[in-house]
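To find a chain, count down the sequence lines: A is the first, B the second, and so on, and within it residues start at 1.
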Number of protein chains: 2
Amino acid sequence: MAPKREAPRGALPKSELEIAKVVWELGEATVRQVLEALPVERELDFWTVQTYLRRLEAKGYLAKRRDGRNNVYSPAVRPTTVISETMDDFINRLFDGEALPLFQHLIRDRDLSDAEIDELQQTLNTLKADRKRGRSS
Amino acid sequence: MAPKREAPRGALPKSELEIAKVVWELGEATVRQVLEALPVERELDFWTVQTYLRRLEAKGYLAKRRDGRNNVYSPAVRPTTVISETMDDFINRLFDGEALPLFQHLIRDRDLSDAEIDELQQTLNTLKADRKRGRSS
DNA sequence: TATCATCACGTTCAAATGAACGTAAACGGA
DNA sequence: TCCGTTTACGTTCATTTGAACGTGATGATA
């Protein structure tokens, strides 16, 4: 059965993604908790954060639970899913859906440390090995 | 001397990027040429394309040259620069500026062919070798 | 040289997005 | 139990983005 993407859910806008990320990190959070978890230089209003959380819930990205007088928000869609969708969108837009050119650019542009390069090679080797073995799911 | 990023030029919107990419591919192009270079299923108006090209010029991404009655647009900023900026913005938004997690996600999520994996490894090896040698710009 | 098609430019318009508020309800401490 | 504080919800507002048009100018062709 295909993974069946519930709804296309076109890529999240900047600000909403930013807020969603905070919720992901915290696991679940109230408006105030999100506000406090934001970097200090990012001076967002309590109300603004509230707005984004509400929108995220309306779009189906977050679930809302009541805890006393507070709303507690938590992921309704797995973060990795959202990240994948966002990356897909990005790759489609910039590289016609080809991952390879993105890699090349990335490798060349970002100053990767030697350690990071090693780590990447490691990952690739592992992936390759896994491929040879079980080629399932 | 530092590369000196002229203006922050916050990441291009979807549609404008789409049009800019066409210009990059063609090297330079008139409105009509861009329109015709777009995939057929993308039914954009002549006027709409014109608008985006104009905006891109206003933002400093494209240069405009007159050829008879036509405007001919060409890159005013190197495409690779724009791509880098766009990627930076994306990585900042989604991965706090860390390239590595992006790689991991990418490697795991996109179904890379064996050949692609090989190519990546090749690239990494080359990069590593180059590093050892001249470390300057 | 008159005509017709094409083009540039300014302008417009709706929807999405970033950001914020006012009010009324709910809670905890005095 | 009353008061001050905090929160939710609906609502609003400006800007950006996606998309398109009308008019006047321009050039090729008859």
Please walk me through it: do A:R110 and A:E116 pass salt bridge (Lys or Arg N to Asp or Glu O under 4.0 Å)?
-> CA-CA 11 Å; A:R110 317 286 302 186; A:E116 287 175 322; over 6 Å; no
Check the distance between [N]'s [atom2] and [X]'s [atom1] and give it to me in whole angstrom.
X: A:K64; N: D:dG10; atom1: NZ; atom2: C1'; value: 12 Å
X: A:L38; N: C:dG18; atom1: CG; atom2: P; value: 14 Å
X: A:R54; N: C:dT17; atom1: CZ; atom2: P; value: 16 Å
X: B:L17; N: D:dT16; atom1: CG; atom2: P; value: 19 Å
X: B:D67; N: D:dT26; atom1: CG; atom2: P; value: 15 Å
X: B:E43; N: D:dG18; atom1: CD; atom2: P; value: 18 Å
X: B:I19; N: D:dT17; atom1: CD1; atom2: C1'; value: 13 Å
X: A:N70; N: C:dA25; atom1: CG; atom2: C1'; value: 13 Å

Is the distance from OP1 or OP2 of [N] to the nearest side-chain N or O of [X] less than 4.0 Å?
X: A:R42; N: C:dA19; answer: yes
X: B:T48; N: D:dA20; answer: yes
X: B:N71; N: C:dC9; answer: yes
X: B:Y52; N: D:dG18; answer: no
X: B:K59; N: D:dT16; answer: no
X: A:K14; N: D:dT17; answer: no

Between A:Y73 and B:R66, which residue's closest nucleotide on DNA chain D lies nearer the 5′ terminus?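 With B:R66 and A:Y73 compared, the 5'-side residue is A:Y73.
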Over all strands shown, is [X] touching base, sugar-phosphate only, or nothing at heavy-atom distances under 4.0 angstrom?
X: B:S15; result: sugar-phosphate
X: B:R65; result: nothing
X: A:R32; result: sugar-phosphate
X: B:F46; result: sugar-phosphate

The side chain of [X] is closest to which nucleotide in this list: [options]?
X: B:R55; options: D:dT11, D:dA20, D:dG18; result: D:dG18
X: A:Q50; options: D:dC9, C:dA20, C:dA19; result: D:dC9
X: A:D45; options: C:dC21, D:dT7, D:dA20; result: C:dC21

When you check the gap from the basic side-chain N to the acidic O, do B:K14 and A:D89 get nearer than 4.0 Å?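 Looking at B:K14 and A:D89, the cut-off is met.
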**Asked** Do the side chains of A:R131 and B:L112 get nearer than 4.5 Å, heavy atoms only?
**Response**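 Yes, at least one pair of side-chain atoms sits under 4.5 Å.
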Any donor-acceptor pair under 3.5 Å joining the side chain of [X] to the base of [N]?
X: B:T51; N: D:dA19; value: no
X: A:W47; N: D:dG10; value: no
X: A:R69; N: C:dG28; value: no

- Return the orientation label for the B:F95 and B:H105 ring planes: parallel under 30°, perpendicular over 60°, tilted otherwise.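 Plane angle between 30° and 60°, so tilted.
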- Item | A:R66 and A:N71: side chain donor to acceptor below 3.5 Å |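 A pair is found: one side chain offers a donor N or O, the other an acceptor, under 3.5 Å apart.
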Quiz question: by atom type and distance under 3.5 Å, do the side chains of A:D45 and A:Q50 form a donor-acceptor pair?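 Side chains of A:D45 and A:Q50: no pair found under 3.5 Å.
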Of A:L44 and A:G68, whose closest DNA chain C nucleotide lies nearer the 5' terminus?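 Looking at DNA chain C, the more 5' nearest nucleotide goes with A:L44.
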